[in-house]
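Accompanying notes for the structure given below.
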Amino acid sequence: MAKNSFPKGFKWGVATASYQIEGAWNIDGKGPSIWDEFCHRGEKVWNNHTGDVACDHYHRYKEDVALMRSLGIQAYRLSTSWPRIMPTGFGKVNAKGLAFYDKLVDTLLAAGIDPWITLFHWDLPLELENRGSWRNDEIIDQFAEYAAVVARKLGDRVSNWMTFNEPQCFIGLGYGNGGNGAHAPGEKHSYRDILKMYFNFHRAHGKGVQAIRANAKLKAKIGLAPCSGANIPASNSKADLEAARTATFANAAKNAFPSSSLILDPLFLGKYPEDALKLYGDEFPKFTSADMKLISQKLDFIGFNCYSGATIKAGKDGKPEVVPQRPGNPRGQLDWLSIEPDSLYWLARFFSERYGADKPVVITENGFCNLDWVSLDGKVHDQARIDQAHRYLKGLKRAASEGIKLGAYFHWSFMDNFEWAEGYRARFGMVHVDFETLKRTPKDSAYWYKDVIACNGENI
Ligand code: GCO
């Protein structure tokens with residue numbers, strides 16, 4: 001490998017999720033999800049937007065895949081909708097729902113695009129919610145049943161799998177928050193409940209991994225897509241570096257949106273972090289060594305979604321302290337998205353060190369939301385997105401040059417879509433979508449990305 005290059009075989013992709021793009025919320029036998037119910041409840045989502053139609057990808061997938069192909073996209077991270085495939089979450093399989101993903105995968109492969117499938121990107125079947133969702137142990141087998149159905153159908157052509165997207169969000173924002181601006185189902189539970197839900201997510205993940213391996217014909221490569229902000233050392237000093245590492249993995253205070261170690265240590269290292277067990281005491285669910293064995297199925301890559309970060313310095317006694325952002329720091333349309341270009345470098349480095357330098361790091365999401373519109377010349381000039389991606393990819397390239405193993409980068413998102421509680425107001429796509437006509441217009445960033453892909457990032 002040439003020094004300072006992305007590795008040969010590195011995959012350049014884009015990502016989406018079922019509820020955010022598909023629409024077709026109640027046709028061809030699909031069951032309702034918690035997001036259908038949450039949006040229809042009203043007042044929960046910005047301007048009462050819903051995913052009923054979204055980008056109508058369900059009907060326009062051929063056009064969308066053709067567009068991806070014309071942009072040189074090599075890999076596409078999509079999610080399958082559990083209630084489209086199993087309307088109540090278990091038992092009956094909806095053949096028409098499964099057929100949609102079957103055709104989608106064939107269309108992608110015919111276009112030379114590698115499908116990467118996420119089994120759960122938040123659209124939980126409503127029936128499972130009514131049965132207690134992640135608080136009910138039955139969900140473990142139900143998720144494994146669903147994973148088996150999908151792997152049996154698509155596993156002869158799909159080799160890259162992610163069990164879950166951002167557990168911190170669907171549990172923390174869905175059940176630990178309540179109120180507007182939260183995620184479906186918009187509830188607020190005790191820490192005891194929340195920890196139980198993480199424990200059941202962990203076990204569902206483990207059984208899901210087993211189900212994929214047992215049912216896929218191709219050799220399955222499996223991971224997941226947790227989210228994390230990066231902690232970026234304020235200087236080159238050893239103390240700041242240690243403080244940033246600590247900030248990434250420490251469980252210092254109770255939080256429904258916990259640190260990466262509580263999410264990932266059980267999966268990759270087979271144990272819960274000591275500081276979390278101490279912090280929560282008897283609120284923590286009882287677990288056995290058999291549970292830990294199930295939870296820590298071998299994984300093939302280290303995935304993460306990362307958009308932003310904080311600068312950390314060593315404070316008193318080396319304790320991590322957040323350095324306030326400089327005034328006027330560049331940011332996206334949503335407040336949480338401040339531009340911190342070194343984020344991918346530091347998170348890749350800290351995760352790779354902790355979870356196995358032998359496993360490739362996969363950026364399952366990174367991207368930017370902007371106020372993009374179609375200009376008078378008919379084009380979409382999203383210079384800010386190009387600059388964001390360019391800067392972040394420089395950080396990723398640095399990781400490659402230091403020998404950190406890298407597998408793929410997925411830009412979030414292929415096209416503008418339903419941004420959860422923010423509705424359609426936040427545009428994350430490299431392709432602009434007019435939500436009245438559903439017309440797609442590739443933005444300048446899409447053409448820029450095409451050039452990046454064509455030279456495997458040599459222009460970064
Ligand atoms: C998430 C999800 C995506 C979002 C994206 C922008 O991270 O919340 O994986 O569905 O749309 O991250 O917020």
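We're numbering straight along the sequence, starting at 1. Whatever order the structure lists them in is the order used to number ligands and atoms, beginning at 1. Given the structure is predicted, the values throughout are model-derived calculations rather than measurements.
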- Arg354 to Phe268, cation-pi by 6.0 Å centre distance and 45° axis angle: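 No, Arg354 does not lie over the aromatic ring of Phe268.
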
- Should the heavy atoms of other residues, nucleotides or ligands under 6.0 Å from NZ of Lys62 be counted, would the total exceed 12?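 Counting other residues, nucleotides and ligands, NZ of Lys62 stays at 12 neighbours or fewer.
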
Under 6.0 Å between ring centres, would you say that holds for [X] and [Y]?
X      : Y      : value
Phe301 : Trp116 : yes
Trp82  : Phe143 : yes
Tyr19  : Phe418 : yes

- Give the protein residues with at least one non-hydrogen atom closer than 4.0 Å to an atom of ligand 1, ordered by chain and number.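 These residues qualify: Gln20, His121, Trp122, Asn165, Glu166, Asn305, Tyr307, Trp336, Glu365, Trp412, Glu419, Trp420, Phe428.
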
- Parallel, tilted or perpendicular: which fits the ring planes of Tyr280 and Tyr191, with parallel below 30° and perpendicular above 60°?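 Aromatic pair Tyr280/Tyr191 classed tilted.
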
